[in-house]
Peer 1: 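Let me begin by handing over the structure; questions about it come next.
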Amino acid sequence: NAGVMQNPRHLVRRRGQEARLRCSPMKGHSHVYWYRQLPEEGLKFMVYLQKENIIDESGMPKERFSAEFPKEGPSILRIQQVVRGDSAAYFCASSPPNRDIGTQYFGPGTRLLVL
Amino acid sequence: QQQVKQSPQSLIVQKGGISIINCAYENTAFDYFPWYQQFPGKGPALLIAIRPDVSEKKEGRFTISFNKSAKQFSLHIMDSQPGDSATYFCAARRGGGNKLTFGTGTQLKVEL
């Protein structure tokens, strides 16, 4: 029973490049969440998605960041024209449908370093 | 009003001792309070969670105490072991919502 999978685990980008982070939820889970963790800080909510729908993007920066969860395939967090301040660990979590959706299970994260 | 305050920032406990981490919240709309454990380089792992209709929940060596009137909750780790050394995060979720609001974390070190 695989857990939440994220790839890549580490990503290095130069300023101005694009970063694509992928998340495959646990089997049977249809809710996906993205969080960002800066060094020595807690996790900050970014976006909540269900299949083909963005439910809550209140934590997403207004520019350069986008997320999707297509009908087939993993959820993608996309950061365009990365800047050094985007360097952080990005965690994906998933939760099952029709149950206590407060129970979120996290993946191992993608650590993004912008040079 | 979405903030969750966590203390202490770091904690050193002797093996076999009790580790206590505290969190306080302001938003009375929060209705679900999980604790996560995170090891370096790993994702947070759900440890234990509580709802405000109970004052205490125990799972093995881990206990959550919840004080609804004070808007505080705490994690107690009994018989702390070196393997418990990790960062612990409290979190809260608003009723009807989905996103978790996290505390800033507590780095626990259990010494031999």
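Because the structure is a prediction, the values reported are computed rather than measured. In the text below, chain A, chain B and the rest are named by the order of the sequence lines, each starting its count at 1. The figures that follow rest on heavy atoms only: side chains count, while hydrogens, waters and symmetry mates do not.
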Peer 1: Looking only at non-hydrogen atoms, find the nearest pair between A91(B) and L100(B) and report the distance.
Peer 2: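 For A91(B) versus L100(B), the nearest heavy atoms are CB-CB, 4.4 Å.
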
Peer 1: Donor-acceptor pair, distance only, cut-off 3.5 Å: does the side chain of R13(A) make one with the backbone of E18(A)?
Peer 2: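 Such a contact is found between R13(A) side chain and E18(A) backbone.
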
Peer 1: Test of understanding: clusters of I, L, V, M, F, W, Y form through side-chain heavy atoms closer than 4.5 Å, transitively. Do L49(A) and Y33(A) belong to the same one?
Peer 2: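 Hydrophobic grouping puts L49(A) apart from Y33(A).
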
Peer 1: Taking atom CD of Q80(A) as the centre, does the number of heavy atoms from other residues, nucleotides or ligands within less than 6.0 Å exceed 12?
Peer 2: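 Yes, enclosed.
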
Peer 1: Among the clusters formed by ILVMFWY side chains lying less than 4.5 Å apart, do F33(B) and W35(B) turn up in the same one?
Peer 2: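 Yes; tracing contacts between hydrophobic side chains, which count when under 4.5 Å, links both residues.
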
Peer 1: Measure from the side-chain N and O atoms of K57(B) to the backbone N and O of A49(B), and report whether any donor-acceptor pair falls under 3.5 Å.
Peer 2: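 Indeed, once roles are kept as given, a pair shorter than 3.5 Å links the two residues.
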
Peer 1: For the residue pair H31(A) and Y48(A), is the inter-centroid distance of their aromatic rings smaller than 6.0 Å?
Peer 2: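 Yes.
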
Peer 1: For Q37(A), is it the side chain, the backbone, both or neither that has a heavy atom under 4.5 Å from a heavy atom of chain B?
Peer 2: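 Contact with chain B: side chain only.
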
Peer 1: Would you call R93(B)-D31(B) a salt bridge at under 4.0 Å N-O?
Peer 2: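 A salt bridge is present here (some side-chain N lies under 4.0 Å from a carboxylate O).
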
Peer 1: Taking the side chain as everything from C-beta on, heavy atoms only, tell me whether L47(B) gets closer than 4.5 Å to Y88(B).
Peer 2: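 With C-beta onward as the side chain, the pair touches.
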
Peer 1: With a 4.5 Å heavy-atom cut-off (strictly below), which parts of residues 106-115 of chain A touch chain B? List them by number.
Peer 2: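 So far as heavy atoms go, F106(A), G107(A), P108(A), R111(A) are the residues that approach chain B to under 4.5 Å.
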
Peer 1: Verify the cluster assignment for L46(B) and Y35(A): are they in a single hydrophobic cluster under the rule of side-chain heavy atoms below 4.5 Å apart?
Peer 2: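 Linked within one cluster.
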
Peer 1: Would M26(A) and V32(A) show up in the same hydrophobic cluster when neighbours are defined by side-chain heavy atoms closer than 4.5 Å?
Peer 2: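 Each belongs to a different hydrophobic cluster.
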
Peer 1: Within the structure provided, determine whether W34(A) and R36(A) are in side-chain contact (heavy-atom separation under 4.5 Å).
Peer 2: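 When only atoms from C-beta onward are counted, R36(A) and W34(A) do not touch, as no gap falls below 4.5 Å.
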
Peer 1: Backbone N or O of M78(B) within a donor-acceptor pair of the R61(B) side chain at under 3.5 Å?
Peer 2: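 A pair under 3.5 Å: yes.
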
Peer 1: Could you name the residues of residues 12-21 of chain B that have a heavy atom within less than 4.5 Å of a heavy atom in chain A?
Peer 2: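 Within residues 12-21 of chain B, no residue comes under 4.5 Å from chain A.
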
Peer 1: Checking Q6(B) against chain A: side chain, backbone, both or neither under 4.5 Å from a heavy atom?
Peer 2: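 Neither part, no heavy atoms under 4.5 Å.
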
Peer 1: Check whether N67(B) reaches the backbone of S69(B) with its side chain - one donor and one acceptor, N or O, closer than 3.5 Å.
Peer 2: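 Pair found, side chain donor or acceptor close to backbone of S69(B).
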
Peer 1: If Ile, Leu, Val, Met, Phe, Trp and Tyr residues are connected whenever their side-chain heavy atoms lie under 4.5 Å apart, and connections chain through other members, are I79(A) and F91(A) in the same group?
Peer 2: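 Not linked; separate clusters.
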
Peer 1: Identify the heavy atoms of V4(B) and T101(B) that sit nearest to each other, and give their distance.
Peer 2: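 Minimum heavy-atom contact is CG2-O, 3.8 Å.
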
Peer 1: Under 4.0 Å between a side-chain nitrogen and a carboxylate oxygen: does that hold for D53(B) and K68(B)?
Peer 2: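 No, no charged N to carboxylate O under 4.0 Å.
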
Peer 1: Tabulate, in ascending numerical order, the residues of residues 102-112 of chain B having at least one heavy atom closer than 4.5 Å to a heavy atom of chain A, or enter 'none'.
Peer 2: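 The stretch touches chain A at F102(B), G103(B), T104(B), Q107(B).
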
Peer 1: If contact means a heavy atom pair closer than 4.5 Å, which residues of residues 51-77 of chain A contact chain B?
Peer 2: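 Heavy-atom contacts from residues 51-77 of chain A to chain B are D56(A), S58(A).
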
